[in-house]
Amino acid sequence: MCGILGAFAIEGLDPRRCETALDLLRHRGPENLTPRYYRDDRLFLGHARLKILDLSDDANQPFVSDCGNYEIVFNGEIFNFKALRAQIEGEFAFRTSGDTEVLLNLYRKYGTDMLPRLNGMFGFAIYDKPRNRLVLARDRFGIKPLYYTLDDGALCFASEIKPILHITGRAAPNERMIATYLATSHSDFGEETFFADVRQLGAGHVMVFDLAEQTAQTARWYRLERKPVLDQVPEREVLDLVEERIGAAIDRHLVADVDVGLNVSGGVDSSTLIRFTTQRLGGCHGFTQDFKGYSERPWVEQVARGFPLQTHFAELGAEDIRAHLQKTVRHQEQPFGGVAVIGYSYLYEMARDAGVTVLLDGNGVDELFLGYKKYHLEYLDDNKGGDGFAALLADYCAFWQEPENVALDRIRGLARNSSMIDGTAHQGRAAMSRDLLSLEQYGIPTVDLFDDAVRNSAARDLLYTKIPRGLRFNDRMSMMHSRELRVPFLDHELVELAYALPVSTLINRAGTKAAVRKVLGRSVDAAIASAPKRSIQTPQNDWLAKDYRDLVEEVLASESFRGRGWVDVDRAKAAYARYLGGDRATSFFIWQWINLELWARTFFDEKAYA
């Protein structure tokens, strides 16, 4: 994992500004920072390296091909690089043992047609001198970030936004994105960012920038496709296939020349991760954030029991989170999810102190294998009126321990109508200013790839509404402490298998993500494998009414908050008064106000990128 930066301007670049911009990525790659200039300072490539594969300096970047015609800056990992190297080894002379040189030589052989061959997470740029072009590409699901701005033939791109703002020397809020965020709670669902003129290259997209014409062409190189449903395969064979694919994905994600550990909680996802990883490593470190009064420690210890996992707990109180709040705002660069995101700062600090450079995370299991309660409700809704509905409803009520009338109420009112990711009624729109309400919001993409609404809902979460923002949160928090985070359940071979499984294999009397539970149940206690999905528990609701009341009231009373014109301050104060009075079904709308104001102060008032 690293940081990349590049810029092109026909009138030339300021080398000093480019190098200070590269320094803004030092946390992503503190072991080597290399700037390089081309074409009389019209083109710049820079790289900040965190050594993961081939720890020698020979693998530093920008990396130059042996013929001298191609150079690359690359953030991420190509997990199948050894197999790919074996396919082309007779055609190229290799001088390193890692994946960067393999990637560059694959491009020499296949051009952008190499992309489907890659299994990995990546954002890279290749300077193709014979074709006089830059090629930028991003992995299938956008695990690794890649931002850019394109203005009158001048291009700037980077792994984070601050270096782009530094080189261009300007920053302005994207008020359409702010309006969309306040009205729907969603972000990171497309190419737009919270900064005007700064975009992100879409997941599974490639951009070709012609240096002579100063024009860019962008194309999608990957899309999730509908596969034949495996509804005629016996269940045992399906479970064997799921187990094999999970194991293969974990194997690929463990390839590293440094120590690997785990981010863990007390759920089925982490239990699966622990089981497969410790079997392969023979033991490793596991790290958990542990909020006082909202502890998952008993469940984590229950899961870890019986596995060679050395557990570490970051015990966090209100003042711990406050201490890292401003630093997190700066590193996230855009509004983020709340207290739980900040807590990861302490988790990655522990990993750094333990000497663990790479961590695996269970992100994606629920979106692949239908783990959320809302998917179960949508499955019931899809089957209303059918002969088997009564049995399906009984299975739901038994698994989630809910009375039938409550379940039917949820089906009618909550299964598809909530705009909030956490399933609560959204309140952000109520206090939006008239100016923001008048703006056209960005459309949140929908998915209609599959025959059933459940799969389409999960695919939407995977591609647009849930996973992308979580990937951004996790990337910034891990990189804040120079740690590499990997997400093996987003391995595309595993994703494509999961989306070919019948919904009835994944949601049944065993609950949600039933196939994963059954695979896990082959080697762990049944109580662990059958545990219902638990939402992440944090004290945010309480803290925003008590410990952080001073912060909320300071923001609501500030001239800067009122002057931005994004929120109707009087209505916001009234809503907060109701919250203090006990109306606390959700606190996210309050967090949005605080986060937006702190973000605006950081990037527009204080110019954190300057």
Side-chain angles (χ1 to χ4, degrees), residues 76-84 115-122 139-144 203-204 222-230 233 235 237-255 260 262-263 267-280 358-372 375 447 449-450 454-455 458-463 466-468 470-471 474 485-503 505-507 512-523 529:
E77 309 292 347
I78 306 302
F79 296 120
N80 62 337
F81 78 96
K82 292 181 180 178
L84 293 172
L115 290 166
R117 299 170 181 266
L118 306 178
N119 184 308
M121 55 181 197
F122 53 82
D139 65 74
R140 291 170 177 83
F141 301 112
I143 300 169
K144 293 296 101 194
Y222 175 83
R223 66 177 69 246
L224 183 64
E225 293 183 349
R226 179 173 172 171
K227 304 286 186 182
V229 177
L230 303 177
V233 180
E235 182 183 80
E237 291 182 26
V238 169
L239 297 182
D240 288 345
L241 187 56
V242 170
E243 185 165 15
E244 183 273 324
R245 287 286 177 89
I246 292 176
I250 297 289
D251 284 339
R252 284 189 284 268
H253 283 70
L254 289 176
V255 175
V260 180
L262 304 176
N263 285 356
V268 169
D269 308 352
S270 287
S271 304
T272 305
L273 192 62
I274 291 168
R275 177 212 151 177
F276 280 88
T277 304
T278 55
Q279 280 180 344
R280 285 155 171 77
V358 173
L359 293 103
L360 272 56
D361 184 272
N363 206 4
V365 174
D366 291 308
E367 292 77 12
L368 269 61
F369 295 100
L370 306 182
Y372 292 119
Y375 301 149
V447 175
L449 184 61
F450 303 97
V454 185
R455 270 297 182 204
R460 188 176 191 242
D461 287 342
L462 170 70
L463 300 174
K466 188 163 174 47
I467 289 295
L471 290 171
N474 292 336
L485 186 69
R486 298 179 177 180
V487 280
F489 293 106
L490 293 184
D491 182 295
H492 75 275
E493 295 183 23
L494 181 58
V495 172
E496 290 168 1
L497 168 67
Y499 276 83
L501 299 178
V503 174
T505 300
L506 301 176
I507 300 178
T512 56
K513 52 190 172 192
V516 176
R517 295 178 188 279
K518 290 177 181 179
V519 167
L520 184 61
R522 292 173 168 179
S523 57

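Just so we're clear, the structure is a prediction, and the values are computed from it rather than from any experiment.
Note: L262 CG to T277 OG1 = 4.5 Å, rounded to the nearest 0.5 Å. The OG1 atom of T512 lies 9.5 Å from the CG atom of L506; values are rounded to the nearest 0.5 Å. Once rounded to the nearest 0.5 Å, the distance linking CG of D269 with NZ of K513 reads 3.5 Å. The OG1 atom of T278 sits 9.0 Å away from the CG atom of L273 when rounded to the nearest 0.5 Å. Atoms OH and CG, on Y499 and L230 in that order, are 15.0 Å from each other to the nearest 0.5 Å. Annotation: the span from L462 atom CG to I467 atom CD1 amounts to 6.0 Å, rounded to 0.5 Å.
Within the 4.5 Å cutoff, no side-chain heavy atoms of K518 are placed close to those of R522. Considering only heavy atoms from C-beta on, V447 stays 4.5 Å or farther from L224 through its side chain. You'll find the side chain of L370 reaches within 4.5 Å of the side chain of R455, heavy atoms only. The side-chain heavy atoms of L490 and L471, taken from C-beta on, include a pair separated by under 4.5 Å. A heavy-atom distance below 4.5 Å is found between the side chains of F122 and I78. Contact of the V365 side chain with the V268 side chain is not registered, since no non-hydrogen atoms from C-beta on lie closer than 4.5 Å. Looking at T272 and F489, their side chains come closer than 4.5 Å, going by heavy atoms from C-beta outward. Proximity of L84 to L118: side-chain heavy atoms (C-beta onward) are separated by under 4.5 Å at one or more points.
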TODO: Quick one: do R245 and D491 satisfy salt bridge (Lys or Arg N to Asp or Glu O under 4.0 Å)? Show the steps, please.
DONE: CA-CA 9 Å; R245 287 286 177 89; D491 182 295; over 6 Å; no
Task: Worked check of side-chain contact (heavy atoms from CB on, under 4.5 Å) between V233 and L241 - done: CA-CA 10 Å; V233 180; L241 187 56; over 6 Å; no
Open item on the list: Assess the residue pair F141 and M121 against the criterion (side-chain contact (heavy atoms from CB on, under 4.5 Å)); give the C-alpha distance rounded to whole Å, side-chain angles, the decisive distance to 0.1 Å, and a yes or no.
Closed with: CA-CA 8 Å; F141 301 112; M121 55 181 197; over 6 Å; no
TODO: Would you please test V519 and F276 for side-chain contact (heavy atoms from CB on, under 4.5 Å) and show each step?
DONE: CA-CA 11 Å; V519 167; F276 280 88; 4.1 Å; yes
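The shortest non-hydrogen separation linking P228 to A500 is O-CB, 3.6 Å. Residues L520 and S271 share a closest heavy-atom pair of CD2-CB, 3.6 Å. A pairwise comparison of heavy atoms in A249 and P488 identifies CB-O, 3.6 Å as the closest pair.
Distance alone, capped at 3.5 Å, is enough to place a donor-acceptor pair between the N80 side chain and the N119 backbone. Listed for the R140 side chain is a donor-acceptor partner under 3.5 Å among the backbone atoms of P116. Between the R517 side chain and the A529 main chain, a donor and an acceptor come within less than 3.5 Å of each other. Between the D139 side chain and the K144 main chain, a donor and an acceptor come within less than 3.5 Å of each other.
Residues Y372 and D461 have side chains that never bring a donor and an acceptor to within less than 3.5 angstrom of each other.
For the pair R226 and F450, the cation-pi test (distance below 6.0 Å, angle within 45°) is failed.
H253 and F79 have their aromatic ring centers within a separation under 6.0 angstrom.
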